[in-house]
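Written below as structure tokens is the structure these notes are about.
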Amino acid sequence: MQEGKIGKYFKYALGEIILVTIGILIALQVNTWKEERANAQRETSFYQSILIDLESDQKKLESFTKFYQNRIENLTWLLTQIRNPAQPISSEEFGKHTEPLYYNESAISFDATFEAAKSAGAFDNFSNKELLKQLVEYYSNFKEFEDK
């Protein structure tokens, strides 16, 4: 065992250790980049699906608004008739204005995407926390509206 050979061996081993360490660090960084990219893709997909759900909510709320505007018009007509008992009302006209009052519309939110992402814990990896906060407020307010 000559000292020259041991020194060369240690230099070689140290070089190998450094190369392996650098390789591991590069692999970890690549893995981190892949995870960040996958998270960004999931977040983008989530927001695209949420946008579709919100558009469905908007259509439902517009329908809901028309329904209750019609109800208000019918109730206003009936109130006017009750205040003027001298004017006769035909049973057909009375039925036309009272029948819609027996129906009811329920406010239903299209929240499947939101609830699925919430259940899966996907929000932890999302970057736009302010938008998520607004979505949580929206769906909790809608839930209050549904329950009334």
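Small disclaimer: the values here were computed from a predicted structure and weren't measured.
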How about NZ on Lys129, more than 12 heavy atoms from neighbouring residues, nucleotides or ligands closer than 6.0 Å, or not? yes

May I ask you to check whether over 12 heavy atoms, not counting those of Gln41, lie within 6.0 Å of atom CD? yes

With side-chain contact (heavy atoms from CB on, under 4.5 Å) as the test, would you mind laying out the steps for Glu35 and Asn31 before giving the verdict? CA-CA 6 Å; Glu35 282 183 32; Asn31 189 40; 3.4 Å; yes

Joint cluster assignment, Ile72 & Phe94, ILVMFWY side-chain distance < 4.5 Å: no

Backbone of Glu137 reached by a side-chain donor or acceptor of Ser140 within 3.5 Å: yes

Test side-chain contact (heavy atoms from CB on, under 4.5 Å) on Gln134 and Leu131; report intermediate values, then the result. CA-CA 5 Å; Gln134 290 173 356; Leu131 185 54; 3.9 Å; yes

Kindly give the heavy-atom pair with the smallest separation between Gly95 and Pro100, and that separation in Å. O-CD, 4.2 Å

Is Tyr139 reachable from Leu61 through a run of hydrophobic residues whose side-chain heavy atoms are each under 4.5 Å from the next? yes

Any sub-3.5 Å donor-acceptor pair from Asn84's side-chain atoms to Thr80's backbone N or O? yes

Is the side chain of Asp57 donor-acceptor paired with the backbone N or O of Phe110 at a distance under 3.5 Å, no angle test? yes

Does Thr98 form a side-chain contact (heavy atoms from CB on, under 4.5 Å) with Trp77? I'd like the steps, not just the answer. CA-CA 10 Å; Thr98 57; Trp77 182 87; over 6 Å; no

Going hydrophobic residue to hydrophobic residue with side-chain gaps under 4.5 angstrom, can you get from Val136 over to Leu54? yes

What residue among Tyr47, Phe142, Phe123 forms ring pair (Phe, Tyr, Trp, His ring centres under 6.0 Å) with Phe114? Phe123

Can you name the nearest heavy-atom pair linking His97 to Asn74, along with the distance? ND1-OD1, 2.9 Å

Do Asn39 and Arg42 come close enough that some side-chain heavy atom pair is under 4.5 Å? yes

Determine, using the 4.5 Å side-chain heavy-atom cutoff (strictly less than), whether Ile18 and Tyr9 are members of one ILVMFWY cluster. no

Among Asn128, Leu132, Asn125, which one satisfies side chain to side chain contact (heavy atoms under 4.5 Å, CB included) with Glu43? Asn128

Is there a side-chain contact between Asp111 and Asp53 (heavy atoms, below 4.5 Å)? no

Under a 3.5 Å distance rule, please check whether Arg71 uses its side chain to pair with a backbone N or O of Tyr103 as donor and acceptor. yes

Hey, what do you get for CZ (Arg37) to OG1 (Thr32), rounding to the nearest 0.5 Å? 14.5 Å

Qualifying residues under ring-ring contact (aromatic ring centres under 6.0 Å, His included), relative to Phe64, sequence neighbours excluded: Tyr68, Phe145

Does some side-chain heavy atom of Tyr138 sit less than 4.5 Å from a side-chain heavy atom of Ile50? no

Hydrophobic cluster membership, with links at side-chain heavy-atom distances under 4.5 Å among I/L/V/M/F/W/Y: are Leu135 and Ile52 in one? no

The criterion is salt bridge (Lys or Arg N to Asp or Glu O under 4.0 Å); which residues satisfy it with Lys118, sequence neighbours excluded? Glu115

Answer yes or no: does atom CZ of Phe67 have more than 12 heavy-atom neighbours from other residues, nucleotides or ligands under 6.0 Å? yes

For side-chain contact (heavy atoms from CB on, under 4.5 Å), just list the numbers for Glu93 and Ser90, CA-CA rounded to whole Å, side-chain angles, deciding distance to a tenth of an Å, and then say yes or no. CA-CA 5 Å; Glu93 193 169 1; Ser90 70; 3.3 Å; yes

